[in-house]
Number of protein chains: 2
Amino acid sequence: MGITERKEREKAEMRRRIVDAAIEMFVAEGYEKVSIRNIADKIEYSPATIYLYYKDKDELLYDVQGEAFQKLANYLRARITAEDPLERVRQLILAYLDFAREYEELYDLMFIIKAPMNSVQKDAEWDNGQDAFTLLRENVISCVEKGLIRFDNPMIATLSIWAFAHGFISLNLRCRIKIAELGEEVIPIVMRQAVEHYLATIKV
Amino acid sequence: MGITERKEREKAEMRRRIVDAAIEMFVAEGYEKVSIRNIADKIEYSPATIYLYYKDKDELLYDVQGEAFQKLANYLRARITAEDPLERVRQLILAYLDFAREYEELYDLMFIIKAPMNSVQKDAEWDNGQDAFTLLRENVISCVEKGLIRFDNPMIATLSIWAFAHGFISLNLRCRIKIAELGEEVIPIVMRQAVEHYLATIKV
DNA sequence: AAATATAATGAACAGTGTTTATTATTTCCA
DNA sequence: TGGAAATAATAAACACTGTTCATTATATTT
């Protein structure tokens, strides 16, 4: 009797429908502005039905983050073509900047928004971002091992590079960079310049 | 007739009461978790009364941010004691990290939260953060002018240093640094180390 | 003291995430 | 194959949210 299998498949399909609709709407309008009722409308089900597949909005966001991090990892991988580890890191960071600009709302819900750290991340692992982070870390480790950058501690090197890029992106996404009285249009250029400068600085 | 003056004074006092209650509650529980009704309860007024003094929650947040940025500027100023510009920048950044750790929710509502950029920052100036930013910028400019750091563009230098610190702080505040499998207790140490390393790196 | 302007509020509106009792559908077994 | 049991979907409600508005209370002015 393949009926339980079908049921499971149907359950998975329903979760897919929900998560797909959610992603599409989050990308278009941002996490905060999309309600469970909106998502329910979109997939033509009752709001309560969503709660048969996700215990709350946080759990749904967690799945959406999973998809988003996969998307990011693929995005980054496709842009790492060089052989030289330092050049690979450079490609990765520039790709990271581009991803953030292309999918602002996705970046927001992956790295800036508060939820669902409350419910999920407390005890359970936070493995969603692991792939993309590993991609960065391993290339940075190569750089450290080959003595290409002025770091001895690979973890601090990885975190520093990541924090540098994230700092720019998130200040920009929240318009805090406007404090510096920069014209809207030059910001991406300034960010690129700053990143290039940073990479040149850590180069031995 | 000093009656209109008194009225104005009373109006100002009321706004003070509101903003003070708001800050206290935001610091304790975070912006999102504090409702207008909560604030109204605290100051023993009806929720509707608050709307006689602030047109919406965003406008109130804007005032709270004003206070918070003032607090930050004072905090930073008190910690800048050195003569050497580079050392001054170092003191400033370390103080910035400490401020973020001491007033997490304040830092959140100043630099991470989305609102009130929607309503306020669109056309009006964003002068709340100007003081603290200027503090950093002027010291960084000194560094550049005296050839103490490997930057030629002061704006990029200022933004880079700020973004570096903010990147660490916000990744930590959102628990994203946990991706790096760091123990909770070592994070402040790692952040400090990373900042020190960064400053050592940009030093000529 | 009466009329007017100001301040404060109770009640409501439209929205949110979420739960529950009820209804519809499907699966199972006699 | 028909009726009981299990599953799936929903309508309605709950307790919130930010915000508005008609109404009431309090000052101020005439």
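The distance from atom CG of B:Leu61 to atom C1' of D:dT19 is 17 Å, rounded to the nearest whole Å. Rounded to an integer number of Å, the gap from CD of A:Glu32 to P of D:dT17 is 16 Å. Residue A:Glu10 contributes atom CD, which lies 10 Å from atom C1' of C:dT26 at whole-angstrom precision. Rounded to an integer number of Å, the gap from A:Ile50 CD1 to C:dG17 C1' is 11 Å. Rounding to whole angstrom units, CD of residue B:Glu59 and C1' of D:dG18 are separated by 14 Å. Straight-line distance from the CG atom of B:Leu52 to the P atom of D:dT19: 14 Å, rounded to whole Å.
Across residues 13-24 of chain B, not one residue has a non-hydrogen atom less than 4.0 Å from an atom of DNA chain D. Listed in residue order, the members of residues 33-49 of chain A having a heavy atom less than 4.0 Å from DNA chain D are A:Arg37, A:Tyr45, A:Ser46, A:Ala48, A:Thr49.
Using modelled atom types, no side-chain atom of B:Gln193 and backbone atom of A:Ile156 make a donor-acceptor pair closer than 3.5 Å.
Atom OG of residue A:Ser170 and atom CZ of residue A:Arg176 lie 10.0 Å apart, to the nearest 0.5 angstrom.
A side chain to side chain contact (heavy atoms under 4.5 Å, CB included) with B:Leu92 is found for exactly one of B:Asn139, B:Ile161, B:Val140, namely B:Asn139.
Cation-pi geometry between A:Lys33 and A:Phe26 is not met: the NZ or CZ atom fails to fall both under 6.0 Å from the ring centre and inside 45° of the normal.
For B:Glu24, the CD atom is loosely surrounded, since the number of other residues' heavy atoms within 6.0 Å does not exceed 12.
In this structure, of C:dT18, D:dT10, C:dA7, it is C:dA7 that holds the atom nearest to the side chain of B:Lys11. Of the candidate nucleotides D:dA8, D:dT19, C:dA8, D:dT19 has the atom nearest to the side chain of B:Lys57. In this structure, of D:dA9, D:dT20, C:dA7, it is D:dT20 that holds the atom nearest to the side chain of B:Tyr51.
In this pair, B:Tyr198 and A:Tyr198 present their aromatic rings tilted. The plane angle is within the 30 to 60° band.
For the salt bridge (charged side-chain N to carboxylate O under 4.0 Å, His left out) test, residues two or more places apart in sequence or in another chain that qualify with A:Asp98 are A:Arg79.
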### Pair A:Phe111-A:Phe69, ring-ring contact (aromatic ring centres under 6.0 Å, His included): steps then yes or no
CA-CA 10 Å; A:Phe111 295 110; A:Phe69 275 110; 5.3 Å; yes
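For the residue pair B:Glu102/B:Tyr107, the side-chain donor-acceptor check at 3.5 Å is not satisfied.
Contact check, B:Tyr54 against D:dG18: no side-chain N or O comes under 4.0 Å of OP1 or OP2.
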